[in-house]
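Okay, so here's the structure we're looking at.
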Amino acid sequence: MASGGRNLHVSPRLASDALPLPVSVTNKLFLILFFSASYYLMRRWREKIRTSTPLYMLTLEEQLAVITQIASFIYLIGFFGIEYVQSVINKNADEDERPAAQHEIASKRPPAELLGKPLPDNNDEDLAQAVSSGRVASYSLETELGDELRAASVRKRAIELSTGRSLEELPLHGMDYKSIVGQCCEMVVGYVQIPVGVAGPLLLDGLEYTVPMATTEGCLVASTNRGCKAIHQSGGAVSEILKDGITRAPVVSFSSLKGAAELKFYLEDTNNFDTISTVFNRTSRFARLQSVKCLLAGRNAYIRFCCSTGDAMGMNMISKGVQNVLDYLHDVFPDMCVISVSGNLCADKKATSVNWIEGRGKSVVCEAVIKGDVVSKVLKTSVSALVELNTLKNLVGSALAGAVGGFNAHASNIVSAVFIATGQDPAQNVESSQCLTLMEATNCGKDLYVSVTMPSVEVGTIGGGTQLASQSACLNLLGIKGSNPDSPGLNAQTLARVVAGAVLAGELSLMSALAAGQLVKSHMKYNRSSKNIAAAGEQQQQSLDGLRQRCSSS
């Protein structure tokens, strides 16, 4: 109810409101009843013991005294919990009222103004001038204008004014900025165009896949396509998912080594895993803790959690679960100090031995037997030449270079292209491209056995960039858009298999080009720009001159 234009504050209901008398009076009454009944019963039972009367033989007065004692005892036990119950009710009431209060404060905040009128009512050039000069915060444009496209346009123009450099050739229209803001990118001024090609069909595990690849490197899609052709004509490739679990490794510190060691023993005790798992799994219906390992560095402990995350890549999911466990562990080990939710033992976006050995994301192996006539007719080389080149280049050469998981020809090329096309995190190409390529002669030396082992392919089909229109279309092309309704996690695993299959095709084709001496020739033919550099320079200079004129006139 409102009176006089003011909101009346309604007090939250308390547990004590159910009592017929004030709490203080009721408490005193039940205390007196309890001790009086207890004193009366003790005197009566002493007399019965003295006269050898059975204790269970109760008179009406004694029965009433027992009932009074039990009732008052129940009340007094409940009384100690009333304060706790009331605190919970008050907390919930505060939480219910807080959003309304925040909304009321926000509604009372005066709208931002420029030149004496609300921000959206100004023209874009004035807005850009204000952003460029710092009078209007660039990051607030989406909120203040209520139009994501206009905010990007104003910000783009403001950047031109503040830097004196043209962004005319950076595309602005044609992107759904609502799907970007707050999830994929901030301070948006446009988007970058990356061509998407397709390789295939890739015959993998008995199914055909047309593989989308976003790249600016000439020959890459064509080369991968040739490898797909060789695999298809040889009967296809086979893949296996050996492990599926993303990792997060916080670092915590103690005042002494003893505390860190006790935490390690506690975490690695199998009797405690069920408790830790229950705390962790509250995060999501898909998050399921698989293992916990703990390494010490002095009095610092690095805890590597590994969990399954359904069809999501899962970094946000596992981070929330880890935070739940850290909160729980802090109650068990009050001396524990959380330094960071990530201590780099994860290891995310870095080529590391721990991921190479233990895996991260999807651990995939993919193999194929390429027929000898396909090697000669499609790949234009021989089985013996490929086997020798793979040994000397991918194995020995990589070993001399001290590679960590880099025992391949160009796995990162294919991984990056598929990642960008399907909305994966491009930075996770670093560990996802760790790959061991093996080649050997088989069937009495007539055919070629080839395999790729990729222990840390980190992909998902929901969340992040996968929900953007273009990337969603590429996932739809593969038949794995979104979450699998029947078997959560299957779509993401299929994407990991496709990545490994495409890498297998790319390795076959590039190694064949190297063995046949075709690499330089093909890149000179297909990977050289024919654009007139001088003309492009003149066009850019003209654009800059025009921008300077507009700036001086304004």
Side-chain angles (χ1 to χ4, degrees), residues 183-184 241-252 263-264 266-268 272-295 301-330 332 336 338-352 354-364 419 423-432 434 454-467 482-484 487-493 495-496 499:
Q183 180 161 339
C184 294
I241 300 289
L242 305 181
K243 187 178 180 182
D244 184 357
I246 198 68
T247 61
R248 175 59 88 197
V251 53
V252 300
L263 173 66
K264 174 180 172 65
Y266 178 87
L267 290 171
E268 297 183 352
N272 298 324
F273 182 79
D274 287 344
T275 301
I276 298 173
S277 179
T278 300
V279 174
F280 183 96
N281 294 345
R282 293 173 185 165
T283 306
S284 165
R285 59 194 179 101
F286 297 111
R288 291 296 176 266
L289 186 64
Q290 296 174 343
S291 64
V292 181
K293 293 184 179 181
C294 187
L295 300 180
Y302 295 77
I303 315 167
R304 196 170 200 254
F305 294 84
C306 181
C307 81
S308 59
T309 54
D311 282 307
M313 186 274 290
M315 287 308 303
N316 291 335
M317 198 181 298
I318 190 173
S319 296
K320 292 178 183 178
V322 166
Q323 188 62 57
N324 286 347
V325 175
L326 290 177
D327 293 340
Y328 167 77
L329 290 176
H330 192 270
V332 181
M336 184 183 80
V338 179
I339 304 300
S340 172
V341 74
S342 175
N344 271 14
L345 184 63
C346 309
D348 189 37
K349 301 177 176 71
K350 286 163 280 291
T352 58
V354 67
N355 288 344
W356 178 243
I357 295 170
E358 296 192 359
R360 189 171 194 258
K362 278 69 173 170
S363 298
V364 196
F419 269 32
Q424 311 306 308
D425 187 341
Q428 290 185 321
N429 158 70
V430 176
E431 63 267 41
S432 297
Q434 293 188 119
M454 306 178 69
S456 51
V457 180
E458 298 164 5
V459 293
T461 57
I462 58 174
T466 65
Q467 51 90 35
S483 179
N484 190 297
S487 181
L490 183 59
N491 282 359
Q493 290 185 358
L495 179 56
V499 169

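Reckoned from all heavy atoms, side chains included, excluding hydrogens, waters and symmetry mates.
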>> Pair Arg304, Val354 - check side-chain contact (heavy atoms from CB on, under 4.5 Å), show working.
In response: CA-CA 10 Å; Arg304 196 170 200 254; Val354 67; 3.7 Å; yes

>> As a quick check of understanding, evaluate side-chain contact (heavy atoms from CB on, under 4.5 Å) for Val251 and Tyr302, giving each step before the final call.
In response: CA-CA 5 Å; Val251 53; Tyr302 295 77; 3.5 Å; yes

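The aromatic rings of Tyr328 and Tyr266 sit tilted, their planes meeting at an angle between 30° and 60°.
Not one N or O on the side chain of Asp311 forms a donor-acceptor pair closer than 3.5 Å with the backbone of Ile462. Although no hydrogens or angles enter the test, the distance criterion places a donor-acceptor pair under 3.5 Å between the side chain of Asn355 and the main chain of Ala347. Under a 3.5 Å cut-off, the side chain of Arg288 and the backbone N or O of Arg285 do form a donor-acceptor pair.
For the pairing with Ile276, the side-chain contact (heavy atoms from CB on, under 4.5 Å) check across Val325, Asn324, Asn281 returns one residue only, Val325. When each of Glu431, Lys243, Gln434 is tested with Arg360 by the rule side-chain contact (heavy atoms from CB on, under 4.5 Å), just one qualifies, namely Glu431.
For NZ of Lys349, the number of neighbouring non-hydrogen atoms (other residues, nucleotides, ligands) closer than 6.0 Å is greater than 12. Heavy-atom neighbours of Asn272 CG from other residues, nucleotides or ligands within 6.0 Å: above the threshold of 12.
Closest approach of Met315 and Gln428 over heavy atoms only: CG-NE2, 4.0 Å. Looking at every heavy atom in both residues, Ile246 comes nearest to Gly314 through CG2-O, 4.0 Å.
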